[in-house]
Amino acid sequence: MASRLNPYLSFGGDARQAMEFYKEVFGGTLKANTYGEFGRQDTPESDKIMHGMLETPSGFTLMGADTPPGMENTPGNNFSVSLSGDDDTELRGYWEKLSAGGSVSVPLEKQMWGDVFGMCTDRFGIPWMVNIIQPKS
């Protein structure tokens with residue numbers, strides 16, 4: 001799999017409706033997982049979107065999710081640039097360069113969904129998400 005660069009949008013509780021709207025606009029296939037599917041059952045956010053991805057016939061990829069509990073959703077500042085793929089060396093190299101001189105909000109490490117993931121803001125104030133897909137065992 002080649003590495004992918006795309007926008008990642010954050011929503012304040014209406015990610016499902018927003019991503020369905022973008023599907024109507026651009027067409028394509030929408031996949032969405034809830035927080036409940038990843039261990040947060042019986043909580044207020046269990047039916048909220050933890051990760052959604054729209055892939056369109058034109059080759060666009062748009063990702064989005066409801067802001068996780070404990071994090072602030074600020075309209076106008078509710079996006080990140082996402083880098084993802086399965087080339088561990090390449091993506092770790094991007095992470096090292098992007099996070100150097102910036103700030104790390106989520107260290108690049110294995111997450112509950114099985115991938116290695118981190119979030120940082122580069123020295124120019126741009127937020128980045130890096131997700132390294134791990135082989136399924």
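Note: hydrogens, waters and symmetry copies are ignored here, and every other heavy atom, side chains too, is used.
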Worksheet entry | Residue pairs passing the ring-ring contact (aromatic ring centres under 6.0 Å, His included) test where at least one lies in residues 53-72, sequence neighbours excluded |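 The answer is Phe26-Phe60.
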
For the residue pair [X] and [Y], establish whether any side-chain heavy-atom pair is separated by less than 4.5 Å.
X	Y	answer
Met50	Asp66	no
Met119	Trp128	no
Leu91	Ser3	yes
Thr67	Phe11	no
Val81	Ile126	yes

Are [X] and [Y] grouped together when hydrophobic residues (ILVMFWY) are joined by side-chain heavy atoms under 4.5 angstrom apart?
X	Y	result
Val130	Val104	yes
Met63	Leu83	no
Phe79	Leu98	no
Leu5	Val116	yes
Met112	Phe117	yes

Response to the item:
Quick note, side-chain hydrogen bond (donor to acceptor under 3.5 Å, both in side chains) partners involving residues 6-30, not counting sequence neighbours, are Tyr8-His51

Worksheet entry | Summary of side-chain hydrogen bond (donor to acceptor under 3.5 Å, both in side chains) pairs that have at least one residue in residues 97-118, sequence neighbours excluded | Trp113-Asn131, Asp115-Asn131

Worksheet item: Between Thr61 (side chain) and Glu55 (backbone), is there a donor-acceptor pair under 3.5 Å?
Response: no

Worksheet item: With no hydrogens and no angle check, is any side-chain donor or acceptor of Gln134 less than 3.5 Å from a backbone partner on Ile132?
Response: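 Indeed, once roles are kept as given, a pair shorter than 3.5 Å links the two residues.
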
Worksheet entry | Leu62 CG to Leu30 CG distance, which is reported to the nearest 0.5 Å |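 That separation rounds to 9.5 Å.
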
Item to complete: Find the distance between CG (Asp87) and OH (Tyr94) and round it off to the nearest 0.5 Å.
Response: 8.0 Å

Worksheet item: Which pair of heavy atoms, one from Ala15 and one from Ile49, lies closest together, and at what distance?
Response: CB-CB, 3.9 Å

